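Working notes for the structure below.
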Amino acid sequence: MRPQALRGFRDYLPEEMLAKDRMLDAVRSVFESYGYPPVATPALEYAELLLGKYGEEGEMLLYRFLDNGERDVAMRYDLTVPLARLIASHGSLIMPFRRYQIAPVWRAEKPAKGRFREFVQCDVDLVGVNDASADAEMLLIGQDVLRALDVEKYRLRVNHRGILRAMTRILGIADGAEEGAFLRLLDKLEKIGEEKFRGALAKDFPQIDAAGTERLLAIVSSGGAPAETLASLEVLLGSDPDGALAIERLRQTMERVSAGGRLDTIVIDPSIARGLSYYTGIIYETFLEALPEYGSVMSGGRYDGLVGMFAGRDLPAVGISLGVDRLLSALLEIGSFESLSTPAEVLVVQFSEQGSADAFRLAAQFREAGVATVIYPEAAKLKKQFQNAHNLGIPFTAVVGESEASRGTLQLKHMASGEQVEVDVAAAVARIRRAGRGTE
RNA sequence: GUGGGUGUAGCUCAGUUGGUUAGAGCGCCAGGUUGUGGUCCUGGAGGUCGAGGGUUCGAGACCCUCCACUCACCCCA
C-alpha cells in the first residue's frame with residue numbers, strides 16, 4: 001500500500017505548523033484577555049448525544065461507528081454540543097460560565113479548497129445569560145482575534161433568527177421544510193444575483209406575490225451601516241413581534257460593539273441563515289474580502305435551547321468559532337503570511353571533532369539566555385554547515401574555532417547581511433535579541 | 001453525495017498521428033574554494049509516467065475501474 005493520508009485529512013509540515021501554532025497562540029491570548037479559561041472534551045461522544053443537533057445534512061456527515069465495546073459512538077462534529085454536554089455533566093459551574101476550547105473536529109464532507117474532514121476550531125462561548133452584552137462580547141472577541149492575526153479586510157455579516165422568522169411569517173411561508181428551503185434560497189441570493197433569485201422564488205414559492213417579492217428584496221438589500229439597516233428593517237418588519245424584538249436586540253448589541261470595538265467591519269445582512277439547527281437568536285459569519293469563496297472563517301450565534309436539551313433546565317448561551325485551518329490556507333493563498341521553517345535563531349557550527357565541547361558549551365549558553373539554538377549535528381565542512389543555516393532560514397550562525405576558544409570569543413555572523421563580528425557570548429546574545437525573529 | 005477538469009522528478013511544467021534509453025527550469029547533493037552560505041562554473045542523484053487491469057508487435061499517450069487533487073452544485077469553519 002502506498003503511504004498516503006486519508007482523503008480530507010492532511011499533514012502539516014514545519015512551515016505550516018509553525019504558522020498555525022503562532023495563530024493559535026494569538027487566538028488563545030485574545031480569548032484569555034477576555035477572561036475565558038480553556039477546557040477540553042473527548043474526541044468521541046455517544047452518537048445519540050450528537051444526533052438531532054445538526055439537521056439532516058449535518059447528521060449524515062458524522063463519523064459514527066461501533067467501538068470495541070459495541071457502543072454507538074461518533075467523533076465530535078463541533079465544540080458546541082460537547083460544551084452543552086459538559087455543562088450538563090458538571091453541576092457546580094459558576095454562571096455565567098465562560099470557556100474556550102481549541103480542538104479538532106471531524107466532518108465527513110467532500111473535501112475542497114479550505115474544506116477539510118479534520119480541522120481545528122477555536123470556540124469561545126458564554127453560557128447562562130441572554131443579553132445583548134453577551135452577544136456583543138462575541139463580536140468584540142471575533143474582531144480582536146482577527147486583528148491579532150493581522151486580518152484587516154473582512155466582513156462580519158450579522159443576522160438574527162427573529163428577523164428570518166418575521167420575514168417568513170410576513171411572506172406566508174410555513175414552518176419546517178418550506179422554511180428551510182426558503183432560507184437556503186435566501187442564503188444564495190448574493191451568490192446567484194437578484195435576477196436568478198426572482199426566478200427561483202417565483203418557481204418554488206408561488207404564494208409570494210409581486211408585492212411580497214418587492215418587500216423581500218427591500219428587506220434583504222437594506223444594507224449599509226448597521227444603524228441604517230436596522231432602521232429600514234424596523235419599517236419593513238417592525239409590525240411582527242419577533243421582528244421587532246430581534247431588531248431591538250441587534251440595536252443594543254451594535255451599541256455595545258460600537259463602544260467596545262468597531263462597527264465598520266459589520267454588516268447587518270438579513271439574508272444569512274446558518275445551517276446548524278440549534279441557533280435561536282443572533283447569528284454571524286465572517287468572509288475575507290480577498291477570498292470570499294473560502295466561505296466563512298469565523299461564525300456562530302446564540303443557541304438558547306441547546307444546553308437545556310441535556311441539562312434539564314434552560315440555559316441561554318452564545319458563542320463564536322474560528323476555523324484556523326481554513327483561515328491559514330486562505331492567508332497562505334493571499335500570501336499575507338510569512339512562513340518560517342525553523343524556530344531557531346542561531347546555528348552553532350561544529351568547527352572540529354576536538355572543538356565539539358566548545359560548540360556544545362556555547363549552545364547551552366545561548367539556550368540559557370533564551371535564544372533558540374540548533375547545533376549542527378556533526379563536525380561537517382563549514383560550507384555545509386553555513387549552507388544548512390541558510391537553507392533553513394536561521395538568521396545567525398556562531399563559530400568557535402581554536403583562536404576564538406583561546407580568546408573566549410566567538411564569530412557571530414548575520415546571514416542576511418553577511419556581517420560577521422568577533423564578540424563574547426553576552427554581546428552575541430544582545431545582537432541576536434536586537435535582530436529579533438522579525439515575524440512577531 | 002452528483003457532474004466536469006487534471007494527475008509525468010521534491011516543485012512548476014514539456015513530451016508531436018501510439019514507436020528506440022521520458023526531458024527542461026527551479027530545488028537538492030558533490031566538487032571548483034581544507035575557517036564561511038547567497039552569485040558563478042562543472043558534475044551527480046532523483047521517475048513503478050497516480051494505482052490496477054485491458055487494447056496493441058509496441059502505451060506516458062487509447063479504453064475500463066479505482067485513488068488523489070481541483071472546479072461547479074450542495075453544505076460549512
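These figures come from a predicted structure and were not determined experimentally. We name chains A, B, ... by the order of the sequence lines, and we start the count at 1 in each one.
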*Scan for salt bridge (Lys or Arg N to Asp or Glu O under 4.0 Å) pairs involving residues 277-300 of chain A, sequence neighbours excluded, and state none if there are none.*
Arg157(A)-Glu285(A), Arg274(A)-Glu285(A)
*Write down the distance between CD1 (Ile283(A)) and P (rC76(B)), rounded to a whole number of angstrom.*
11 Å
*Residues in salt bridge (Lys or Arg N to Asp or Glu O under 4.0 Å) with Glu32(A), at least two apart?*
none
*Check whether any side-chain nitrogen or oxygen of Ser299(A) sits under 4.0 Å from OP1 or OP2 of rA77(B), and answer yes or no.*
yes
*How would you label the contact of Met298(A) with the nucleic acid (heavy atoms, under 4.0 Å): base, sugar-phosphate, or nothing?*
sugar-phosphate
*asked:* Per the ring-ring contact (aromatic ring centres under 6.0 Å, His included) rule, what does the pair list look like for residues 344-371 of chain A, sequence neighbours excluded?
replied: none
*Could you give the CZ-to-C1' distance, from Arg107(A) to rA77(B), as a whole number of Å?*
6 Å
*For residues 378-405 of chain A, which residue pairs qualify under salt bridge (Lys or Arg N to Asp or Glu O under 4.0 Å), counting only residues two or more places apart or in two chains?*
none
*Spell out protein contact along nucleotides 31-38 of chain B as letters: B when the base is contacted, S when just the sugar-phosphate is, - when no protein heavy atom is under 4.0 Å; keep the 5' to 3' order.*
SB--BBBB
*Selection residues 362-375 of chain A - residue pairs positive for salt bridge (Lys or Arg N to Asp or Glu O under 4.0 Å), sequence neighbours left out*: none
*asked:* Going by the rule side chain to side chain donor-acceptor pair (under 3.5 Å), which residues pair with Tyr154(A) if we only count those two or more places apart in sequence or in a different chain?
replied: none
*Pairs counted as Watson-Crick or G-U wobble with both distances under 3.5 Å: what dot-bracket string results for RNA chain B, using | for bases tied to another strand?*
(((((((..((((.....[...)))).(((((.......))))).....(((((..]....))))))))))))....
*Between Arg115(A) (CZ) and rG1(B) (C1'), how many Å, whole number?*
11 Å
*Under 3.5 Å, side chain of Gln143(A) to main-chain N/O of Arg262(A), donor-acceptor pair present?*
yes
*asked:* I need the CG-C1' distance between Leu156(A) and rA77(B), as an integer number of Å.
replied: 14 Å
*Provide the distance between the two C1' atoms, one in rG52(B) and one in rG60(B), to the nearest whole Å.*
16 Å
_Validation row, ring centre Tyr36(A) to ring centre Tyr100(A) under 6.0 Å_ = no
*CG of Asp187(A) versus P of rC74(B): gap in Å, rounded?*
10 Å
Distances under 3.5 Å between protein N/O atoms and the N/O atoms of nucleotides 66-72 of chain B, please, pair by pair.
{"from": "rC69(B)", "atom 1": "OP2", "to": "Arg7(A)", "atom 2": "NH1", "distance (Å)": "2.7"}
{"from": "rC71(B)", "atom 1": "OP1", "to": "Lys113(A)", "atom 2": "NZ", "distance (Å)": "3.3"}

_ring-ring contact (aromatic ring centres under 6.0 Å, His included) involving Phe205(A) - partner list, sequence neighbours excluded_ = Phe182(A)
Under 3.5 Å, sequence neighbours excluded: what are the donor-acceptor pairs made by side chains of residues 387-401 of chain A?
{"from": "Gln387(A)", "atom 1": "NE2", "to": "Asn391(A)", "atom 2": "OD1", "distance (Å)": "3.4"}

*asked:* Taking ring-ring contact (aromatic ring centres under 6.0 Å, His included) as the definition, give me every residue that meets it alongside Phe287(A), ordered by chain and number, with sequence neighbours left out.
replied: none
